[in-house]
Amino acid sequence: MTARRGFTLIELLVVISIIALLIALLLPALGKAQESARHTQCQSNARQMAIGYVAYTSDYNERLMGGAPANDPEAFVYSGGDEKAITQGALYRYVSSVEFYRCPEDPNGNLRSYSIPGVLNGEGWKNAQQQGTDKISDIVQESNQILLIEESDHRGYNVGSWLLRASTGQEYNWIDYAGLFHFEEQADNITFLDGHVETRFWEDPDTIKAALNKQFYLNDPKSVDWDWIRPRYRQMRDKGAVKFIPAS
């Protein structure tokens, strides 16, 4: 009877090396797949919120729910960063799961990752800086009106609306900064009033620098990011036209 020969030490080391090499090759691909899944989930969450937001306008004669956190049953969420702030808000009547309010790629651990632009019945929407509205019928093109933007507020949770300077004479002035949730702090998901979601890769180094430094009030002339976001921040009628201040 012939004895069965086992693996030699060298053979075992070779097998272990091959396995380690395969793991090293597969881990980046697995990480990218997990990142892609989280990114897709963020987009899905935002779409659900957009659907609920628009449903509210249908039920309330085209009126927009309050776009800034406030202790008001018609605000989309209440003030605060806890679960109760979400469940008491007007949007929760239509999107009744707290999980939808958070992007899985939000690095801050907040329960709510998304903010609404101030011009949409939000923070200071009536003043000259914003020139906003509380009626969906004032929106010129819903597919170009930002509804939700990912925000990383350094104060612990998204305290107010997401704001830009929107009036003439205040060119290029970002009040709030970008969230930088995706693709190694280079991009954000932007959700529009018609429910579609776009991933914006920020191009201007100043946009990214301001976000990394949590810098409010960035004045950035000739910014391609300003040129992209400014007309989408406020798509409203103003004597029959849409005001847009180009950066260049």
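What you see is a predicted model; the values in this text were computed from it and never measured. All residue numbers in this chain count up from 1 along the given sequence.
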Is the shortest distance from a Lys or Arg side-chain nitrogen in D134 or K126 to a carboxylate oxygen in the other one below 4.0 Å?
no
Please identify which of these residues, Y101, F181, Y157, meets the side-chain contact (heavy atoms from CB on, under 4.5 Å) condition with S113.
F181
To the closest 0.5 Å, what do you measure between CZ (R234) and CG (N144)?
14.0 Å
To the nearest 0.5 Å, tell me how far K135 NZ sits from T133 OG1.
8.5 Å
Out of curiosity, R93 CZ to T87 OG1, how far, rounded to the nearest 0.5 Å?
12.0 Å
Please confirm whether the backbone N or O of G179 pairs with a side-chain atom of E150, one donor and one acceptor, at under 3.5 Å?
no
G52 and L91: which non-hydrogen atoms are nearest, and at how many Å?
C-CD1, 3.8 Å
Members other than I51 in its cluster, when Ile, Leu, Val, Met, Phe, Trp, Tyr link by side-chain heavy atoms under 4.5 Å?
none
Note: E203-R200 ion pair, threshold 4.0 Å (strictly below)
yes
With a 4.0 Å cut-off on N to O distance, would you call R155 and D153 a salt bridge?
yes
If you apply the rule side chain to side chain contact (heavy atoms under 4.5 Å, CB included), what do you find for I229 with D225, and how did you get there?
CA-CA 6 Å; I229 203 167; D225 293 329; 5.8 Å; no
Is it true that L164 and M236 fall in one hydrophobic cluster, defined by side-chain heavy atoms closer than 4.5 Å?
yes
Under 4.5 Å between side-chain heavy atoms, counting indirect links through other Ile/Leu/Val/Met/Phe/Trp/Tyr residues: same cluster for V159 and F216 or not?
no
Walk me through whether F76 and Y56 qualify under side chain to side chain contact (heavy atoms under 4.5 Å, CB included).
CA-CA 10 Å; F76 86 106; Y56 176 97; over 6 Å; no
Close aromatic pair by centroid cut-off 6.0 Å: F201 and H182
no
Relative to each other, are the rings of W228 and W202 parallel, tilted or perpendicular (30° and 60° limits)?
perpendicular
Mind listing the closest non-hydrogen atom pair of G81 and L111 along with its distance?
O-CD1, 3.7 Å
Show the numbers, then the answer: is there a side chain to side chain contact (heavy atoms under 4.5 Å, CB included) between Y92 and V98?
CA-CA 8 Å; Y92 194 76; V98 174; 4.2 Å; yes
Minimum heavy-atom distance between G195 and A50, given as atom pair plus value:
CA-CB, 4.0 Å
When clusters are formed by joining ILVMFWY residues with side-chain heavy atoms under 4.5 Å apart, either directly or through shared neighbours, do F192 and F100 land in the same one?
yes
Which heavy-atom pair separates N108 from D106 by the least distance, and what is that distance?
ND2-OD1, 2.7 Å
Does the side chain of Y53 come under 3.5 Å of the side chain of Q48 through a donor N or O and an acceptor N or O?
no
Side chains of I139 and E62: does their closest heavy-atom pair fall under 4.5 Å?
no
If you apply the rule side chain to side chain contact (heavy atoms under 4.5 Å, CB included), what do you find for D72 with Y78, and how did you get there?
CA-CA 7 Å; D72 179 345; Y78 266 52; 5.6 Å; no
Testing the 3.5 Å rule here: is there a donor-acceptor pair between the side chains of Y114 and N189?
no
Nearest 0.5 Å please: distance from the CG atom of L193 over to the CD atom of E142.
4.5 Å
Closest non-hydrogen atom pair between P73 and A90, with its separation:
O-CB, 3.4 Å
Criterion side-chain hydrogen bond (donor to acceptor under 3.5 Å, both in side chains) on D59 and Y94, from CA distance to verdict:
CA-CA 11 Å; D59 291 343; Y94 299 85; 2.8 Å; yes
Residues V197 and T191: closest non-hydrogen pair is CG2-OG1, 3.8 Å
Residues E198, H196; criterion side-chain hydrogen bond (donor to acceptor under 3.5 Å, both in side chains); working and verdict:
CA-CA 7 Å; E198 296 180 16; H196 88 275; 2.9 Å; yes
Out of curiosity, I136 CD1 to L64 CG, how far, rounded to the nearest 0.5 Å?
6.0 Å
Within this structure, what is the CH2-CG distance for the pair W226 and L218, rounded to the nearest 0.5 Å?
9.5 Å
